[in-house]
There are 2 protein chains.
Amino acid sequence: MKLEQATIKDIARELNLSASTVSRALKNYPGISSETKRKVKAMAEKLNYRPNAIALSLRHSRSFTIGVIIPEVVHFFFSTVISGIEEEAFSRGYNVILTQTNEKLIREKSSIDTMLSNQIDGVLISYSKETTEFGHFSSLLEKGFPIVFFDRVPEIPKAITVTVDDFGGAYSATKHLLNQGFSRIVHLAGPPNLKISQERLRGYQAALRDHGIEPDPAWVVPCFLGTDQEAQQVTTKLLHSLPQRPDGIFSHNDMTAVGAMMACKAAGLRVPQDVGIVGFSNWQFCSMVDPTLSSVYQPGFEMGVKSTALLLDWIEKKFKPEEADKSVILDTELIVRKSSVR
Amino acid sequence: MKLEQATIKDIARELNLSASTVSRALKNYPGISSETKRKVKAMAEKLNYRPNAIALSLRHSRSFTIGVIIPEVVHFFFSTVISGIEEEAFSRGYNVILTQTNEKLIREKSSIDTMLSNQIDGVLISYSKETTEFGHFSSLLEKGFPIVFFDRVPEIPKAITVTVDDFGGAYSATKHLLNQGFSRIVHLAGPPNLKISQERLRGYQAALRDHGIEPDPAWVVPCFLGTDQEAQQVTTKLLHSLPQRPDGIFSHNDMTAVGAMMACKAAGLRVPQDVGIVGFSNWQFCSMVDPTLSSVYQPGFEMGVKSTALLLDWIEKKFKPEEADKSVILDTELIVRKSSVR
DNA sequence: TTGTACGCGTTATCAC
DNA sequence: GTGATAACGCGTACAA
C-alpha cells in the first residue's frame with residue numbers, strides 16, 4: 001500500500017478551481033479572494049494535504065537537503081557534531097542526509113555519488129582514514145559545488161574548513177603534564193595523513209621544547225587504529241622497551257588514553273602518582289573511568305552548527321568562497337581530572 | 001554556483017538523438033543499435049552524466065529513501081543500530097535520512113511530517129521518552145504506510161516491531177547476581193512508559209521470585225533520565241535510606257550502572273566484594289571502567305539490519321503486514337565481567 | 001531502430 | 001480574481 005498523498009490537483013477538483021488558484025491561495029498570494037483562500041485551506045486541511053517536496057526540488061533544482069559524510073557515528077565526538085548540524089539545518093529549513101564511510105575511501109566516493117544523484121545542495125565532510133588524495137573533492141570544488149570540511153580537513157586550495165585548535169589543545173595538555181612534574185612524556189599518535197594528528201603531535205613537541213626538552217622520536221608511538229585494545233598492547237610494550245620508563249602519556253584520543261591507563265594499572269603502576277595521563281576529545285566516559293581521565297574538550301556541537309552555517313550561507317549565496325577565507329578554528333579546553341594531577 | 005548536472009537532454013542534443021533513445025540506450029533496452037548504445041554511453045561518461053534521483057522519485061512516486069527517527073545519536077546503542085540500518089539499506093539501493101528527536105515528542109511529529117513531504121517510502125522509529133500516545137503512528141499505519149518500530153516499540157495494533165529479549169536479559173542478569181550470592185538486589189528502573197523498561201523490570205522481578213524472594217517495590221528506584229549523575233545521586237541516597245543496605249544493583253542501562261558504581265566506591269564500598277553490579281546494553285566503556293562492568297549485550301547492528309530488512313520487504317510488497325506476525329525478538333547475552341563476580 | 005507525446009506535482013508567466 | 005500553459009528530468013505507451 002502506498003500512502004495516497006492529496007495533491008493540489010485533488011483540492012482543485014474538489015472545489016472546482018484550477019490548480020494555480022489553489023497554489024496561490026495556499027501561499028497567501030495577493031489577488032485571491034479571502035473566501036477562496038478560506039475554502040482552499042479548509043479543504044487542504046480536510047484532505048491532509050502536504051506539499052510534495054520532491055516536486056518542489058525538481059522545479060527549483062534545489063532539494064533543500066544537505067549531505068553529511070563522516071567516518072563513523074559510533075564516535076561520541078561525531079555524534080555531537082551531528083546534533084549541531086541537525087540543529088542548524090532544521091532551523092533553516094534544510095533536511096540532512098547522513099552516511100558513514102566506516103573509514104573506507106570507496107564508501108566515501110560512492111556516498112558522494114548517490115548524494116549528487118539526489119541533488120543535495122551541498123555537503124559536509126570529515127574524510128576517512130584511508131583518504132590520502134582528494135581528487136573527488138577538488139573536482140567538485142572547482143565546479144563551485146559547496147563543500148565544507150570539518151575536523152578532518154584536507155589541505156587543498158579553496159577548501160573551507162572548520163576545525164578545533166588541535167595544536168593548542170595538545171600544547172596545553174602536554175604543558176599541564178610538565179607542570180605537574182611529569183617529564184618523560186610519550187605521545188600515542190594518530191594516523192599521520194590526518195591533519196589533526198599532525199597538529200596534535202606538533203603541539204606536544206612544541207610544549208616539550210618550550211620546557212627545554214628536545215622531543216625524542218622514539219617517544220612518539222603510533223596508535224593508528226585508535227582503539228583501547230591497541231593502546232593497551234602498545235603501552236605495555238612501551239613500558240619495558242624504553243631506556244627510561246615514561247611517566248606521562250598524552251594520547252591523541254580518549255579510547256587510547258584509557259587503553260594506556262589500563263596497561264599502566266596492569267603493570268602495577270599507579271595513575272596519576274606514577275604515570276600522568278591526558279586524552280583528547282573529552283568523551284562521556286572520561287568522568288566514569290577510575291581515575292577520572294583528564295582530556296582536551298572539543299566543541300563538537302558548536303563545530304556542527306558552525307560548519308552548517310557556513311555551508312548554508314554559501315548555498316544561499318550569502319558569501320562567495322573566493323572572496324575571503326571563511327575557515328574557522330574553534331577553541332579547545334583542557335579539562336583537568338584526576339589522571340594527571342599528583 | 002549550482003552544479004550544472006548533465007541531463008539526458010544534453011546527451012541527446014550532442015548526438016542529435018531524441019531523449020527517449022538516450023534513455024533507452026543507457027538502460028540497455030533491446031531494440032537499440034549497439035552502435036548507438038556505445039555512442040550514448042561514451043557521451044554520458046564524457047559529460048559526467050548522473051541520473052537525477054529527484055526526477056525518478058517524482059515519476060515513480062517512490063523515493064527509494066527511508067526515514068529513521070531515533071531519540072539520540074550519542075547513544076552508543078543507537079549508533080550501532082544506525083550502522084546496521086545503513087548497511088542493509090545501501091545494499092538494497094535505498095538512501096537513509098536520519099533525524100533525532102532529542103527525546104521530544106514535538107520533534108518526533110515534525111520529523112515525520114517533513115519526511116512524508118519528502119516522500120519517503122517507509123520509516124523506522126524508536127520513539128521518544130515523552131511519547132505516551134501513538135496517534136501520529138497509528139493514523140499512518142491505518143493508511144498502510146510502512147513503519148517498523150525498533151527497540152522502543154509501542155503496543156498498538158498492526159505494529160511491526162523488532163526488539164531484544166529485554167525480559168530474558170534482565171532475568172539472567174538478576175539470576176547471575178543471585179547465583180553469586182547477592183540477595184538484596186535493587187533495580188534502577190527506566191521510564192515506565194517504555195516497554196523495554198517494563199520488561200527489564202519484569203525480568204528482574206521474575207528472577208527474584210524464582211529464587212524465592214518476593215520483590216519489594218521499595219527496591220525499585222526510578223532513574224528516568226538515565227544519566228550517570230542521576231544514578232550516582234539516587235544510589236548514594238539509597239545506600240542509607242533502605243532498612244538493609246543493598247548488596248546488588250541491576251540497572252536498566254550502563255550509564256546508570258556506572259553512576260551506581262561510582263556512588264558505591266565513594267561510599268567506601270568495594271565492587272564486587274560488597275556490592276555486585278550489572279548494567280544493560282554493553283556499551284563500549286564497560287570494559288574500560290574499574291572494575292569492568294558486567295552487562296547485557298544487545299545486538300544493535302543486527303537489530304538495524306533486521307528492522308530495515310522487514311521494512312524494505314514490506315515496501316517492496318514481499319509480505320503483507322496483516323498476513324502474519326513478522327515481529328522479531330533478538331537474543332541478548334549476559335557479558336560477565338568483574339563488577340558482579342566475587 | 002528511433003521519435004513523439006504525456007505525466008509525475010508544483011509554480012511562474014501570461015492571458016482573460 | 002482566476003485559468004491555461006509550460007517547465008523541471010525521466011520513462012514509457014504508442015506511432016512511425
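Chain letters run A, B, ... following the sequence lines, proteins first, then strands; residues in each count from 1. Not measured: the values here are computed from a predicted model.
Nucleic acid contact for A/D10: none, since no nucleic acid atom lies under 4.0 Å from a heavy atom of the residue. Within 4.0 Å of B/S57, counting heavy atoms only, lies no atom of the nucleic acid at all. In this structure, B/L58 reaches the bases: a heavy-atom distance under 4.0 Å links it to at least one base atom across the strands shown.
The distance from atom CD1 of A/I11 to atom P of D/dG3 is 14 Å, rounded to the nearest whole Å. Counting to the nearest Å, the C1' atom of C/dT11 and the CG atom of A/N28 are 16 Å from each other. When rounded to the nearest whole Å, the span between CD1 of B/I32 and P of D/dT12 equals 13 Å. Put simply, CD1 on B/I8 is 11 Å from P on D/dG9, counting in whole angstrom units. Remark: C1' of D/dG3 and CZ of A/R13 are 17 Å apart, rounded to the nearest angstrom. Taking atom CG on B/L56 and atom P on D/dC8, their separation rounds to 16 Å, with Å as the unit.
Between B/W314 and B/F319, the angle of the ring planes lies from 30° to 60°, which puts this pair in the tilted group.
Nearest to the side-chain atoms of A/A55 among the listed nucleotides C/dT11, C/dG3, C/dG9 stands C/dG9. Among C/dT2, D/dC10, D/dT2, the nucleotide with an atom closest to any side-chain atom of A/L17 is D/dT2. Counting only heavy atoms from C-beta on, B/T21 has its side chain closest to C/dT2 among D/dA4, C/dT2, C/dT10. Out of D/dG3, C/dT10, C/dC8, the shortest distance to the side chain of B/S61 is found at C/dC8. Considering only the side chain of B/H60, D/dG11 comes nearest among D/dG11, D/dT2, C/dG9.
Residues in residues 10-52 of chain B take part in no ring pair (Phe, Tyr, Trp, His ring centres under 6.0 Å) pair, two or more places apart or across chains.
For A/Y29 and C/dA12, the shortest distance from a side-chain N or O to OP1 or OP2 is below 4.0 Å. Between B/S18 and the phosphate of C/dT4, there is no side-chain N or O to OP1/OP2 separation shorter than 4.0 Å. Considering only side-chain N and O atoms, A/S33 lies nowhere under 4.0 angstrom from the phosphate OP1 or OP2 of D/dG1. Taking side-chain N and O atoms only, A/T36 has no distance below 4.0 Å to OP1 or OP2 of D/dG1. Residue A/K9 places none of its side-chain N or O atoms closer than 4.0 Å to OP1 or OP2 of C/dG7.
Rounding to the nearest 0.5 angstrom, the gap separating the NZ atom in B/K104 from the NZ atom in B/K129 is 10.5 Å.
Residues A/I112 and A/I125 are in side-chain contact: their nearest non-hydrogen atoms beyond the backbone lie under 4.5 Å apart. A/Q100 is not listed as a side-chain neighbour of A/F78, based on a closest heavy-atom distance of 4.5 Å or more.
Taking only distance into account, the side chain of B/R24 meets the base of C/dG3 through a donor-acceptor pair shorter than 3.5 Å. Contact of B/S20 with C/dT2 (side chain to base): no donor-acceptor pair of N or O atoms is detected under 3.5 Å. Donor-acceptor pairing under 3.5 Å, judged by distance alone, is absent between the side chain of A/R59 and the base of D/dC8.
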*Starting from the C-alpha separation in whole Å, work towards a yes-or-no answer on salt bridge (Lys or Arg N to Asp or Glu O under 4.0 Å) for B/R152 and B/E103.*
CA-CA 12 Å; B/R152 300 191 188 170; B/E103 305 282 8; 3.0 Å; yes
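In the model, A/Q119 has no side-chain atom that pairs as donor or acceptor with a side-chain atom of A/S57 under 3.5 Å.
Rounded to 10°, the helix from C/dT1-D/dA16 to C/dC16-D/dG1 has 60° between the axis fitted to its first five pairs and the one fitted to its last five.
Shortest non-hydrogen contact noted between A/Y94 and A/I315 is OH-CG2, 3.9 Å.
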